[in-house]
Participant: 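Have a look at this one.
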Amino acid sequence: MPIGMAAFGARAGALAAEHADALVSDQPVGDVVELFNQRTGGGKPVYGQIPVSYGADYDEAVQNAYRLWKHGTTGWKVMAELPGPVNFEASAKTARPEDVAEAVPCGNDIDHYLATVQQWADAGFTHMSFLQIGADRQERFRDWARAELLPALRERFG
């Protein structure tokens, strides 16, 4: 079974290159992808994970992301060091809805999603996964992604 290893920084990227069959990241870390590819000779998959907040109403989708994902605006370097839920809550106190909207594609604007994926492709990622924020939105996101997002992604990225 192929094993993927998550990496955000150079040290973890080097470990992934040495021990894993794939690199995984939740941020478009092009320098880590480059290191991974150099050390492995390239050709191994590089997976990215993008949190999204789908919804027909952009403002409501932003509020959903803000309510459930505002801790994500602090970045992995901060989140990796937080020992527990109370610390995540404290670190997110200064986050604003517009900060979350900047970090997470919200709503149903295909062009916004495509631009976000393009950033990851430009950083060397070969595979993408989407993390829909909120359990109550999974089915609607899957239906929309199947009908609109995935065809647009296939058209642009093959």
Participant: Could you give the distance from CG (D59) to CG (N64), rounded to the nearest 0.5 Å?
Facilitator: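 If we round to the nearest 0.5 Å, D59:CG and N64:CG are 12.5 Å apart.
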Participant: Considering residues at least two apart in sequence or located in another chain, which fulfil the side chain to side chain contact (heavy atoms under 4.5 Å, CB included) criterion with Q38?
Facilitator: E34
Participant: Please tabulate, for the side chains in residues 150-158, all donor-acceptor contacts under 3.5 angstrom to protein atoms that are two or more places apart in sequence or on a different chain.
Facilitator:
none

Participant: Of all heavy-atom pairs between Y113 and P105, which one has the smallest distance, and what is that distance?
Facilitator: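 Answer, listing the atom of Y113 first, then P105: OH-O, 3.8 Å.
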Participant: What's the separation between atom OG in S25 and atom CZ in F36, rounded to the nearest 0.5 Å?
Facilitator: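 One finds 11.5 Å between OG of S25 and CZ of F36.
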Participant: Report whether V24 and V29 are members of the same hydrophobic cluster (ILVMFWY, side-chain heavy atoms less than 4.5 Å apart, transitive linking).
Facilitator: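 No, it is not one cluster - the side chains of V24 and V29 are not joined through contacts under 4.5 Å.
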Participant: Quick one: closest heavy-atom pair of A56 and N108, and the distance?
Facilitator: CA-ND2, 3.7 Å
Participant: How far apart are the closest heavy atoms of T116 and I50, and which atoms are they?
Facilitator: CG2-CD1, 3.9 Å
Participant: Output a table of donor-acceptor pairs, distance under 3.5 Å, between side-chain atoms of residues 12-23 and any protein atom two or more places apart or on a different chain; print 'none' if there are none.
Facilitator:
| unit_1 | atom_1 | unit_2 | atom_2 | d |
| --- | --- | --- | --- | --- |
| D21 | OD2 | I3 | N | 2.8 |

Participant: Taking ring-ring contact (aromatic ring centres under 6.0 Å, His included) as the test, write out the residues that go with F130, two or more places apart.
Facilitator: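 F130: no ring-ring contact (aromatic ring centres under 6.0 Å, His included) contacts found.
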Participant: If you look at every heavy atom in P51 and V104, which pair is closest and at what distance?
Facilitator: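 It is O-CG1, 3.4 Å.
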Participant: Between atom OG of S53 and atom CZ of R137, what is the distance when rounded to the nearest 0.5 Å?
Facilitator: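 CZ of R137 is found 5.0 Å from OG of S53.
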Participant: Passes side chain to side chain contact (heavy atoms under 4.5 Å, CB included), F8 versus V32? Steps please.
Facilitator: CA-CA 7 Å; F8 173 74; V32 177; over 6 Å; no
Participant: Determine whether L149 and W144 make a side-chain contact, defined as any pair of heavy atoms from C-beta on separated by less than 4.5 Å.
Facilitator: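 Yes, their side chains come closer than 4.5 Å.
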Participant: Tell me, with the steps shown, if L35 and D31 meet side chain to side chain contact (heavy atoms under 4.5 Å, CB included).
Facilitator: CA-CA 6 Å; L35 172 74; D31 55 337; over 6 Å; no
Participant: Could you tell me which residues satisfy salt bridge (charged side-chain N to carboxylate O under 4.0 Å, His left out) with D143, sequence neighbours excluded, listed by chain and number?
Facilitator: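 D143 satisfies salt bridge (charged side-chain N to carboxylate O under 4.0 Å, His left out) with R146 only.
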Participant: Measuring from atom CG of D99 to atom NZ of K70, what distance do you get when rounded to the nearest 0.5 angstrom?
Facilitator: 11.5 Å
Participant: Rounded to the nearest 0.5 Å, how far apart are OH of Y47 and CE of M128?
Facilitator: 12.0 Å
Participant: Ignoring hydrogens and geometry, is there a side-chain-to-backbone donor-acceptor pair from R140 to D136 under 3.5 Å?
Facilitator: yes
Participant: For R142 and E139, run side chain to side chain contact (heavy atoms under 4.5 Å, CB included): C-alpha distance rounded to whole Å, both residues' side-chain angles, the deciding distance at 0.1 Å, then the answer.
Facilitator: CA-CA 5 Å; R142 283 193 306 268; E139 188 172 345; 3.9 Å; yes
Participant: First locate atom CD of Q63, then atom SG of C106, and finally report the distance between them rounded to the nearest 0.5 Å.
Facilitator: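 Result: 9.5 Å between the selected atoms.
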Participant: How far apart are the closest heavy atoms of A61 and G107, and which atoms are they?
Facilitator: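 Closest approach of A61 to G107: CB-N, 3.5 Å.
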Participant: Is there a side chain to side chain contact (heavy atoms under 4.5 Å, CB included) between W69 and V52 once you walk through the steps?
Facilitator: CA-CA 10 Å; W69 201 259; V52 301; over 6 Å; no
Participant: Of all the heavy-atom pairs spanning V46 and F125, show the shortest one and how long it is.
Facilitator: CG1-CD2, 3.5 Å
Participant: Any side-chain hydrogen bond (donor to acceptor under 3.5 Å, both in side chains) involving residues 123-132? Give me the pairs, sequence neighbours left out, ordered by first then second residue.
Facilitator: none
